[in-house]
> 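Just dropping this structure here.
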Amino acid sequence: MSCAQTIMDYGLRSVGIGERLLPRADFTLCQQFTLIGSGMLWNIYFGVIALAAGFFFATALAVGKASPNPLIRKPSEWFIFIFRGSPLFIQFFFGYFCFLSLKQVSPIFDPLSAAWAGALVVLFFNTSAYSAEIFYGALQSIPKGDTEAADAYGMSGWPRFKRIIWPTMLRLAWPAYTNEAIFLFHSTTLVFFSGFPAWQQRGDALYYANYFADKTFNPFVPYPILAMYFILLTLVIIGIFGIINKKLNRHLPQTARPKMKLMPQIIR
Amino acid sequence: MFTFCTDPASLPDWQWMACYLTTGKHMSLYWSVGTVLLLLAITAPTALLFGFGGASAARAGFAPLRWFGKTYIAIVRGVPDIAFFLFFVIALDQMFEYIRHRILCPDWTEAVRQGNDFVVCAAAKLPLGNAPQWVHEVYGFATAVLTFAIVFGAFAANVLYGAMRAVPSAQLETAAAYGMNQRQTFWRILVPQMWVYALPGLSNLWMVLIKATPLLFLLGVEDIVYWARELGGSKTPRFTDYPHGDWRMWYFLALLVFYLAFTKLSEVVLDRLMARLTHGQATAAGEAQRKAA
């Protein structure tokens, strides 16, 4: 079977299009590349949606945590503490079994016990909490002069937040947020190793890499392929976030713009 | 456990619960908390050692060693850690068996990798086929520790490498001016001073390490996740004295709370340690401490 045929058969296998049966013997390099690459679709799906939705929730949480009103501050603090203080792996398990119990309450919750919705919810909460902590840190370090200038111009409330505080917060938080995005994409690999079942063997990249490693008993081929895909993905994320970083800092003089570091120090 | 536990079905709720939570299997669950703590206690220093080796290699004068150190740091950071866990567990196992195979069975002529099989002679098997159960468990645990140490060693190397570069170069130049050679400068000047710069990163790493311990489950060790799944599943009266529905949610909730408490505790301890270490140091935090006093 030629490689083009394999790509036709398995290129979209992870979303259920193409050949149903996974290869069982005589695994070729092409099959491994194609299937693991096809699994990356799930990683990108989870990462992009959780990140995009989490961004807004994180902003709200960060503002909540910085609020002087304890009725808003305390819940935000607790939310951030719970999701940052416990392992994502346990959160996935807890989420899955929690959704299973909810399923018995009402059929509305049915989709949540499938990975595409349930794991997404957990990832969304998780990344919101981590990003919120980053944004909160940035909120705390907004230069006093900026807000004073806004006050002097007579800005208050929403315009003050939208035009002064929010852009500055983003600008300050961006390098750390890039790091968070990279780690979020890495943690999407946990989904199919926690409670969530891979329905009809439609799994993510690690699921297929693990499948090949189990079948061939040779970890030296599938995992490096997976590593290559993830390094590529990481480079793409750094590229995209670098462009946004440039845009956020475009008003600053060349020398004062913070450089994006390829290997940030802070880790999750 | 308790004397009143002979007939659980007739007990009032709280006594039933007390008996239920002290069954033999629950004791295994509590013991597995010990497994997690043991893993942390062994892994943390080992990873630090790996990290120290990696960081020293990354700033070595000898180019191939430096490349090795830098690649070690870079690769682990670009790839999901769980992929490394799954990879190293098999890779290390096969590497050990292969080395033993070459030493113990020199006259074996067949290829080791035959299609989808990895074949070594019986004497090279690890652990040996006739070994008792506990040897298998210890071996599994040891591979897990080594895997954790390799992955977290790279993170630690990254932190220590940064810390080594943060030590003011004037310090190193002064050492050179006093006639110390490279080795002396490294051990007497650089290493003692780098810890205060490394500590924030290392304490962050400790938190990450705590949160990575449930991954032991994926490495085949019977840890708390394993027992929580095992015990939480619904039980019928036919197989147990304590039938119940699907309680896995509550078991994982308990694990969640356990980890939250553990991270909180570490945070408090690490903050204190940091306050003690910065005392009298020429850093911003040390300066702030001096002003506050």
Side-chain angles (χ1 to χ4, degrees), chain A residues 25-27 43 81-102 104 182-183 185-190 193-195 205-206 209-210 213-220 222-224 226-235 262-268, chain B residues 73-75 77-84 86-94 113 115-118 155 158-159 161-162 200-201 204-205 207-208 210-215 217-218 224-225 228-229 232 245-264 267:
Chain A
D26 304 324
F27 305 94
N43 296 97
F81 171 64
I82 288 173
F83 279 94
R84 286 185 78 232
S86 61
L88 179 61
F89 197 49
I90 304 284
Q91 288 167 23
F92 273 131
F93 270 115
F94 175 68
Y96 177 62
F97 294 123
C98 188
F99 295 145
L100 274 190
S101 327
L102 280 176
Q104 275 146 23
I182 294 171
F183 274 102
F185 275 94
H186 286 185
S187 28
T188 55
T189 50
L190 273 176
F193 285 85
S194 55
L206 188 62
N210 188 47
D214 278 353
K215 293 277 174 202
T216 61
F217 207 56
N218 179 2
F220 298 98
Y223 289 122
L226 176 85
M228 182 212 71
Y229 276 121
F230 263 95
I231 289 173
L232 277 182
L233 183 65
T234 308
L235 290 178
L262 214 74
M263 290 293 163
Q265 285 283 325
I266 327 119
I267 59 168
R268 180 139 160 185
Chain B
I73 296 175
I75 286 223
R77 295 201 31 91
V79 181
D81 48 1
I82 168 183
F84 274 96
L86 295 175
F87 170 76
F88 274 120
V89 162
I90 315 180
L92 284 174
D93 190 51
Q94 293 189 351
R113 220 173 257 297
N116 291 341
D117 288 316
F118 183 82
F155 289 130
N158 192 30
V159 171
Y161 181 65
N204 192 358
L205 200 60
M207 301 292 189
V208 180
I210 293 177
K211 285 185 263 169
T213 48
L215 298 180
F217 169 69
L218 294 179
I224 36 183
V225 178
R229 275 167 60 110
D246 189 348
W247 282 0
R248 284 177 294 187
M249 183 175 123
W250 303 113
Y251 276 90
F252 279 101
L253 186 65
L255 286 193
L256 210 71
V257 172
F258 165 72
Y259 275 106
L260 279 178
F262 198 14
T263 17
K264 191 74 198 169
E267 212 173 270

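Here is how names work: the chains are called A, B, and so on, in the same order as the sequence lines, proteins then strands, and each is numbered from 1.
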> Roughly how far, to the nearest 0.5 Å, is the SG atom of A:C98 from the CH2 atom of B:W250?
7.5 Å
> Can you tell me how far CZ of A:F89 sits from CG of B:L255, rounded to the nearest 0.5 angstrom?
11.0 Å
> Can you tell me which of A:I82, A:T188, A:N210, A:L226 forms the most heavy-atom pairs within a distance under 4.5 Å of chain B?
A:I82
> Just checking A:F97 against B:Y251, ring centres under 6.0 Å apart?
no
> Backbone N or O of B:L256 within a donor-acceptor pair of the A:S86 side chain at under 3.5 Å?
no
> Taking atom CZ of A:R84 and atom NZ of B:K211, what is their separation to the nearest 0.5 Å?
6.5 Å
> In terms of heavy-atom proximity below 4.5 Å to chain B, should A:S101 be classed as side chain, backbone, both, or neither?
side chain
> Tell me, with the steps shown, if A:Y96 and B:M249 meet side-chain contact (heavy atoms from CB on, under 4.5 Å).
CA-CA 8 Å; A:Y96 177 62; B:M249 183 175 123; over 6 Å; no
> Quick one: closest heavy-atom pair of B:F252 and A:I90, and the distance?
O-CG2, 3.9 Å
> Would you indicate whether the side-chain heavy atoms of A:N218 and B:I90 approach each other to under 4.5 Å?
no
> Identify which part of B:I224 has an atom lying under 4.5 Å from any heavy atom of chain A, answering side chain, backbone, both or neither.
neither
> Run the side-chain contact (heavy atoms from CB on, under 4.5 Å) check on A:L100 and B:R248 step by step: do they pass?
CA-CA 10 Å; A:L100 274 190; B:R248 284 177 294 187; 4.2 Å; yes
> If the condition is side chain to side chain contact (heavy atoms under 4.5 Å, CB included), which residues does A:L233 pass it with, not counting sequence neighbours?
A:M40, A:I44, A:F185, A:F230, A:I237
> Heavy-atom cut-off 4.5 Å, strictly under: side chain, backbone, both or neither for A:L206 against chain B?
side chain
> Check whether any side-chain heavy atom of A:H186 sits under 4.5 Å from a side-chain heavy atom of B:D81, and report yes or no.
no
> Can you say whether A:F81 sits under 4.5 Å from chain B via the side chain, the backbone, both, or neither, judging by heavy atoms?
both
> Heavy atoms, side chains only, cut-off 4.5 Å: are B:L86 and A:F193 in contact?
yes
> Please walk me through it: do A:F93 and B:R229 pass side-chain contact (heavy atoms from CB on, under 4.5 Å)?
CA-CA 9 Å; A:F93 270 115; B:R229 275 167 60 110; 3.3 Å; yes
> Let me know if B:F217 has heavy atoms under 4.5 Å from chain A in its side chain, its backbone, both or neither.
side chain
> Do the non-hydrogen side-chain atoms of A:F220 and B:Q94 ever get within less than 4.5 Å of each other?
yes
> What's the verdict on side-chain contact (heavy atoms from CB on, under 4.5 Å) for A:T234 and B:V79, showing C-alpha distance, side-chain angles and the deciding distance?
CA-CA 8 Å; A:T234 308; B:V79 181; over 6 Å; no
> Ignoring hydrogens, what is the shortest heavy-atom contact between B:A91 and A:P219? Give both atom names and the distance.
N-CG, 3.9 Å
